[in-house]
Amino acid sequence: MRQYRIRETKEVEKIICNKCGKEIQVKNGVPKEDVFAATKRWGYFSNKDNEVHEFELCEACYDEWISTFVIPVEVK
């Protein structure tokens, strides 16, 4: 008698920058360049109560975004 184990895998095919639309190629589940990924679950004292927002930015869009900050990003 044969017994089987069912496997379900999810592998990233490509990543798309939410700001500029650039496609980041992925090979064997590994991005060919790094991206900034953010996930935020909004709390009760916001207008987005319990919503989860996620986005990813390519490095160029991240650099452009943080250049607008009044207080610079802390780099360690």
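Starting from 1, each residue takes its place in the sequence as its number.
- Under a hydrophobic-cluster definition in which Ile, Leu, Val, Met, Phe, Trp and Tyr are linked whenever side-chain heavy atoms come within less than 4.5 Å, directly or via other members, V12 and I16 are assigned to different clusters.
- Side-chain contact between I24 and C58: present, with at least one pair of heavy atoms (C-beta onward) separated by less than 4.5 Å.
- Of the residues listed (E33, E59, E56), the one engaging K22 in a salt bridge (charged side-chain N to carboxylate O under 4.0 Å, His left out) is E33, and it is the only one.
- I66 has its side chain out of reach of F36: every pair of non-hydrogen atoms, C-beta onward, lies at least 4.5 Å apart.
- Listed here is the closest heavy atom pair of W42 and K48: CB-O, 3.2 Å.
- Looking at K40 and V52, their side chains never come closer than 4.5 Å, going by heavy atoms from C-beta outward.
- Across S46 and G43, no two heavy atoms sit closer than the pair OG-O, 2.9 Å.
- The CD atom of E13 lies 9.5 Å from the CD atom of E23; values are rounded to the nearest 0.5 Å.
- Under the 4.5 Å side-chain heavy-atom criterion for grouping Ile, Leu, Val, Met, Phe, Trp and Tyr, V35 is not connected to V30 through any hydrophobic cluster.
- Interatomic distance, E51 CD to R41 CZ, rounded to the nearest 0.5 Å: 10.5 Å.
- Clustering ILVMFWY residues whenever any of their side-chain heavy atoms sit less than 4.5 angstrom apart, transitively, puts Y62 in the very cluster that holds F55.
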